[in-house]
Protein chains: 2
Amino acid sequence: MPGILEVYRDLLPVTENTPLLSLHEGSTPLIHAPRLSEELGIELHLKFEGLNPTGSFKDRGMVMAVAKAIEDGAQSVICASTGNTSAAAAAYASRAGLRCVVLVPDGNIAMGKLAQALMYGAELVAVRGNFDEALNLVRDIADHEPIVLVNSVNPYRLEGQKTAAFEICDVLGEAPDILALPVGNAGNISAYHKGFREYCQLGKIPALPRLWGIQAEGAAPLARGLDRVENPETVATAIRIGAPASAHLARAAVADTSGLFDMVSDDELLSAYLRLAREGVFCEPASAAGVAGLIKLHAQGRLERGQRVVAVVTGNGLKDPGTALKAVGIEPQAVDATLDAVKRVLWG
Amino acid sequence: MPGILEVYRDLLPVTENTPLLSLHEGSTPLIHAPRLSEELGIELHLKFEGLNPTGSFKDRGMVMAVAKAIEDGAQSVICASTGNTSAAAAAYASRAGLRCVVLVPDGNIAMGKLAQALMYGAELVAVRGNFDEALNLVRDIADHEPIVLVNSVNPYRLEGQKTAAFEICDVLGEAPDILALPVGNAGNISAYHKGFREYCQLGKIPALPRLWGIQAEGAAPLARGLDRVENPETVATAIRIGAPASAHLARAAVADTSGLFDMVSDDELLSAYLRLAREGVFCEPASAAGVAGLIKLHAQGRLERGQRVVAVVTGNGLKDPGTALKAVGIEPQAVDATLDAVKRVLWG
């Protein structure tokens, strides 16, 4: 499949001057989850965004943002990031021959994601401060220098991301009853809402799915009805955000679709993370939040039987092998290279 | 897209009793590489197999092998592996509810790949020996116990893998002039040959592409015209194999297509690995061998201008972030969180 700018050009801010930049992002699989479906009494599909080119859903928004930056004559892009955003920005900037600068909070970046950004040729600057300080700096720099900000405050990011909603409807032939997904900075739930809303207006779907936004308990301002939580903490680093930038859009998305916000503990997250792997989908810890929420709401009797549900699985588990090894907690047993020794381990 | 068993069922050993097992493997992108194309004077496309569900081309063969194991009534599968094979075997076995046993040489497995196999639920047994000893053990066990061997000696593996050749022809509308790819155990080049040969017999392509099999200098028996090399050594662990299991098929593939074997140094491999990332494709070190070979053969005047070439990029770079960080060799500079400090780093 071509990339999203080509597939959905009529529904995106693509002009005749917009380069059709692409690493063949999008067209990610919608994977049926038979065992979880059975257990939850629903028809569950997993939208596995970890199979995008840089391993997360961020590629959709970033290809749009970088293409528009090129159209506007930019030669450099900048973002603050501790992870997936930096990989996506670096990949598309490098592809297009642009300079990419990434500010990272010093000492707070996962090795897999750091490796990606550097391999794709980003210039990393570690700042002695937290993410909020890094974000303030890049906003300030982008305001005063000829360099385009590609954090999610860039409106083209949500435009690109909404294509995931289009794909789900195109594959299912209709919208699901419920879309469950992780909520951190709240851009993705807002983008899905925009996508479903546009498909509804075009008459491609009769109604919007209910949007269920799931946060981690330690970083759950929306689920708790707060503007922000201080010192957010969760094993799911990709959604460890205390003051979501798109909170207002996310609240509108939930209100407009009769959806909900809820939250799950780190134990519930890691349990869902393992369950997903046993269905054959190895994702980031944060990516399991949607499924963790479904399991919790089912246990509370709040998940109606027979619903068609899509859970968005936002990133690839290979981004964070360290958490995976901790979650399984198994050291392989070493035995002698003899038939007897191996058979004894396997069959006692 | 559905998985390969459904898309290519008429060209695979799929019977009415074969379960259409799938994690939506295959349909991987064929990504045009504009800068490398320009430099090499060819039209170069990258078949990025790292976007398969477990991050490597092994998923194609494994879904076929596990589906046939289920059809034959098996409840367990076994393999010896230091990497991608174990992840693929574990994912499909877990998906299908089978037990999966993986023998690994003790102390010789990359963390990313180990994390995958464990998350997908494989039982890992580390044996005090090398890969050859582990392989002999699993062959012996599969001969005497009710457990199916899914190493590449399982003939269904090549059947599944040949579908990558079909996809390339289906997307290009014809076969390329040259297909360049890494050669380790030599199963993949043999599978591509089988796929192109079958499409030719069906009249879907008029002729076969020349197959260029590229080995790492420290593990290059085919390029050197030897049966085996002792103590193979290369940074590209996925092709660090001294005695390729499918050597006879690979030699036939090269002879039949007027192709060639060649080899590249670790420096040439790592250079191509970085070049690929700058085109937006972050792969495993071994996966860059095809492109490294093209760069070398171009420098020797052996790559004719204007050819349409596909290089197979076999696995995802996130499998091995450690090598990536070594290859870029950059430590981010830490600066104070002030505008002046950041601007000084960026613009001097």
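Small disclaimer: the values here were computed from a predicted structure and weren't measured. Per chain, numbering begins at 1; letters A, B, ... match sequence-line order.
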I'd like to know if the side chain of B:Ser287 and the backbone of B:Val313 have a donor-acceptor N/O pair within less than 3.5 Å. no
Donor-acceptor check, side chain of A:Ser94 to backbone of A:Ala91, threshold 3.5 angstrom: yes or no? no
Counting heavy-atom pairs under 4.5 Å with chain B, the top scorer among A:Arg278, A:Lys343, A:His24 is A:Arg278
Residue selection (most heavy-atom pairs with chain A, distance under 4.5 Å) from B:Arg128, B:His32, B:Glu145: B:Arg128
Going by the angle between their ring planes, with limits at 30° and 60°, are A:Tyr120 and B:Phe282 parallel, tilted or perpendicular? perpendicular
Can you tell which part of B:Val335 gets under 4.5 Å to a heavy atom of chain A, answering side chain, backbone, both or neither? both
Is it true that a side-chain atom of B:Asp320 and a backbone atom of B:Glu284 form a donor plus acceptor pair closer than 3.5 Å? no
Turns out that what part of B:Tyr273 lies under 4.5 Å from chain A's heavy atoms comes down to both
What residue in B:Ile78, B:Leu51, B:Val328 has the most heavy-atom pairs under 4.5 Å with chain A? B:Leu51
Among A:Glu133, A:His144, A:Arg99, A:Glu123, residue most engaged with chain B (heavy-atom pairs, under 4.5 Å): A:Arg99
Among A:Leu30, A:Asn136, A:Val171, A:Leu276, the residue with the most heavy-atom pairs under 4.5 Å to chain B is A:Leu30
Do side-chain atoms of A:Glu279 reach the backbone of A:Arg35 as a donor and acceptor pair under 3.5 angstrom? yes
Non-hydrogen atoms of chain A under 4.5 Å away: do they reach the side chain of B:Asn52, the backbone, both or neither? backbone
So does A:Leu44 get a backbone contact from the side chain of A:Ser37, meaning a donor-acceptor N/O pair under 3.5 Å? yes
Would you compute the distance between atom CD1 of A:Ile70 and atom CG of A:Leu98 and round it to the nearest 0.5 angstrom? 5.0 Å
Give the member of A:Gly322, A:Pro29, A:Gly129 that has the highest number of heavy-atom pairs under 4.5 Å with chain B. A:Pro29
Looking at B:Val127, B:Val342, B:Ile141, B:Leu318, which one has more heavy-atom pairs under 4.5 Å with chain A than the rest? B:Leu318
Are A:Met1 and A:Glu167 packed together at the side-chain level, in the sense that at least one heavy-atom pair is separated by less than 4.5 angstrom? no
Checking B:Arg139 side chain against B:Ala134 main chain: does a donor-acceptor pair fall under 3.5 Å? no
In terms of heavy-atom pairs under 4.5 Å with chain A, which of B:Val101, B:Val345, B:Thr54 leads? B:Val101
Proximity breakdown for B:Leu103 and chain A, heavy-atom pairs closer than 4.5 Å: side chain
Side chain / backbone / both / neither for A:Ser76 at chain B, heavy atoms under 4.5 Å: neither
